[in-house]
> 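Can you keep this structure in mind? I'll have questions shortly.
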Amino acid sequence: MVASSGTTAAIVVDDVVMKFGKTVALDGLSFSGDEGKVLGVLGPNGAGKTTAVRILSTLLRSNSGRALVCGVDVARDPYGVRQLIGLTGQYAAVDEFLTGWENLEMVARLFRLSRKQAKARADELLEQFDLAEAGSRPVKTYSGGMRRRLDIAASLVAKPRVMFLDEPTTGLDPRSRVGMWSVIKELVQQGTTMLLTTQYLDEAVSPTALW
Ligand SMILES: Nc1ncnc2c1ncn2[C@@H]1O[C@H](COP(=O)(O)OP(=O)(O)OP(=O)(O)O)[C@@H](O)[C@H]1O
Ligand SMILES: [Mg+2]
């Protein structure tokens with residue numbers, strides 16, 4: 001697995017080992033990513049990308065090694081790390097039967113935003129992700145690209161400092177892929193540090209060149 005980055009390290013992975021039974025998913029993985037930049041993590045199927053994201057987002061504990069997010073150790077202070085991050089998994093995690101707007105409002109309420117703030121945040125994110133019109137429809141009527149955008153919007157409700165995106169562009173058509181890059185660009189310009197996994201060399205080696 002190869003990692004590349006564009007002055008302060010927002011993400012540090014140091015000699016991380018992760019085994020599932022006899023399978024060694026990560027064999028001493030090390031990389032770091034600067035604050036306010038995009039870090040692309042490239043690897044084929046089974047390389048350990050999702051495993052690395054799960055460790056960094058405190059969903060999984062490594063066997064050994066160290067991982068830090070904004071200087072906070074994921075194993076020692078997982079709660080502290082969770083306050084700093086947003087996560088969009090490889091598979092969409094939105095509720096099919098709720099509308100796009102209802103999904104975002106629900107997440108905002110879970111983050112303890114007031115009813116009024118939650119409504120405003122849902123409106124704002126739908127607008128930003130070009131889903132304002134679709135916002136009143138149940139998600140089960142959305143295309144794959146629309147679901148992906150809603151999923152990313154949901155992970156941004158709390159305005160995280162560091163965002164993990166697991167294969168945000170996989171399964172998107174070229175136009176939606178470009179749209180996803182403009183969303184990522186906007187977030188990074190607002191100061192979010194972004195770690196994204198990809199199977200595409202151009203995205204990992206020079207993400208900003210795609211802007
Ligand atoms: N919970 C688990 N139990 C057993 N093995 C696992 C588990 N999670 C991952 N693995 C194994 O660890 C290795 C890395 O998997 P991982 O999902 O991190 O790869 P990936 O790079 O995200 O792949 P993809 O591009 O297909 O998403 C694989 O061999 C996988 O089978
Ligand atoms: Mg994966």
Side-chain angles (χ1 to χ4, degrees), residues 1-6 9-33 37-69 73-75 78 81-82 84-96 139 142-156 160 162-174 176-181 183-184 187-188 192-207 210:
M1 192 154 76
V2 183
S4 71
S5 86
I11 299 165
V12 175
V13 173
D14 184 16
D15 202 17
V16 166
V17 174
M18 185 72 222
K19 294 177 186 158
F20 297 102
K22 284 185 184 160
T23 307
V24 182
L26 300 173
D27 189 9
L29 178 69
S30 300
F31 63 83
S32 64
K37 295 273 166 76
V38 184
L39 178 73
V41 176
L42 174 74
N45 292 140
K49 302 181 297 295
T50 297
T51 302
V53 167
R54 290 181 68 206
I55 290 169
L56 278 164
S57 54
T58 77
L59 297 175
L60 194 65
R61 219 178 155 135
S62 66
N63 296 111
S64 63
R66 204 169 59 123
L68 309 175
V69 177
D73 190 307
V74 298
V81 169
R82 281 176 216 149
L84 298 167
I85 64 168
L87 168 69
T88 304
Q90 190 167 0
Y91 306 102
V94 286
D95 188 315
E96 294 265 310
V139 171
Y142 286 19
S143 72
M146 291 163 82
R147 276 167 207 244
R148 207 79 187 99
R149 291 207 302 272
L150 181 66
D151 209 25
I152 291 175
S155 60
L156 289 168
V162 178
M163 173 93 188
F164 298 105
L165 296 171
D166 197 4
E167 299 196 24
T169 61
T170 298
L172 297 186
D173 65 29
S176 301
R177 197 173 162 211
V178 170
M180 183 62 71
W181 276 105
V183 166
I184 290 170
L187 294 170
V188 172
T192 304
T193 303
M194 192 82 63
L195 181 149
L196 62 93
T197 72
T198 179
Q199 298 180 28
Y200 302 109
L201 187 64
D202 54 346
E203 291 186 347
V205 172
S206 186
L210 299 165

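The basis for the numbers below is simple: all heavy atoms, side chains too, and nothing from hydrogens, waters or symmetry mates. Counting starts at 1 for both ligands and their atoms, in listed order. Owing to the predicted nature of the structure, the values given are computational and were not obtained by experimental measurement.
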> Would you check whether Ala47 has a nitrogen or oxygen atom less than 3.5 angstrom from a nitrogen or oxygen atom of ligand 1?
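So ligand 1 has an N or O lying under 3.5 Å from an N or O of Ala47.
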> Please report whether ligand 1 has a polar contact with Gly48, defined as an N or O pair separated by less than 3.5 Å (distance criterion only).
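Checking ligand 1 against Gly48, an N or O pair does fall under 3.5 Å apart.
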> Determine, stepwise, if the pair Thr50 / Asp166 fulfils side-chain hydrogen bond (donor to acceptor under 3.5 Å, both in side chains).
CA-CA 7 Å; Thr50 297; Asp166 197 4; 2.6 Å; yes
> Search all heavy atoms of Ile55 against all heavy atoms of Leu26 and return the closest pair with its distance.
CD1-CD1, 3.8 Å
> What are the atoms of ligand 1, with element, lying closer than 4.0 Å to any heavy atom of Pro44?
21 (O), 25 (O)
> For Ser155 versus Met163, what's the shortest heavy-atom pair and its separation?
OG-CE, 2.8 Å
> Is there a donor-acceptor contact under 3.5 Å from the side chain of Thr197 to the main chain of Glu167?
yes
> May I ask you to list the atoms of ligand 1 that are less than 4.0 angstrom from any heavy atom of Glu167?
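What qualifies from ligand 1 is 24 (P), 25 (O), 27 (O).
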> Has Thr50 got an N, O or S atom lying less than 2.8 Å from the Mg ion (ligand 2)?
yes
> Considering only heavy atoms, does Ala52 approach ligand 1 within less than 4.0 Å through its side chain, its backbone, both, or neither?
neither
> So, do Asp151 and Arg148 sit near enough that their side-chain heavy atoms are less than 4.5 Å apart?
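Yes - at least one pair of side-chain heavy atoms lies under 4.5 Å apart.
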> Of Leu87, Val74, Val53, Thr51, which is the lone residue that meets side-chain contact (heavy atoms from CB on, under 4.5 Å) with Leu59?
Leu87
> Taking atom CE of Met18 and atom CZ of Arg61, what is their separation to the nearest 0.5 Å?
11.0 Å
> Show which atoms of ligand 1 fall inside a sub-4.0 Å distance from at least one heavy-atom site of Gln199.
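Counting from 1, the qualifying ligand atoms are 25 (O).
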> In this structure, are over 12 heavy atoms from other groups packed under 6.0 Å from Arg66 atom CZ?
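12 or below, so no.
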> Is there a polar contact between ligand 1 and Lys49, counting only N or O atoms under 3.5 Å apart?
yes
> Check ligand 1 against Thr50 and write out every atom of the ligand that is under 4.0 Å from a heavy-atom position of the residue.
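Under 4.0 Å from Thr50, ligand 1 has these atoms: 17 (O), 18 (O), 20 (P), 22 (O), 27 (O).
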> Could you check whether any heavy atom of Gly46 sits closer than 4.0 Å to an atom of ligand 1, since that is the contact criterion I want to use?
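Yes, that is the case, since the closest heavy atom of the residue is under 4.0 Å from the ligand.
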> Using a 4.0 Å cutoff against the non-hydrogen atoms of Thr23, which atoms of ligand 1 qualify?
29 (O)
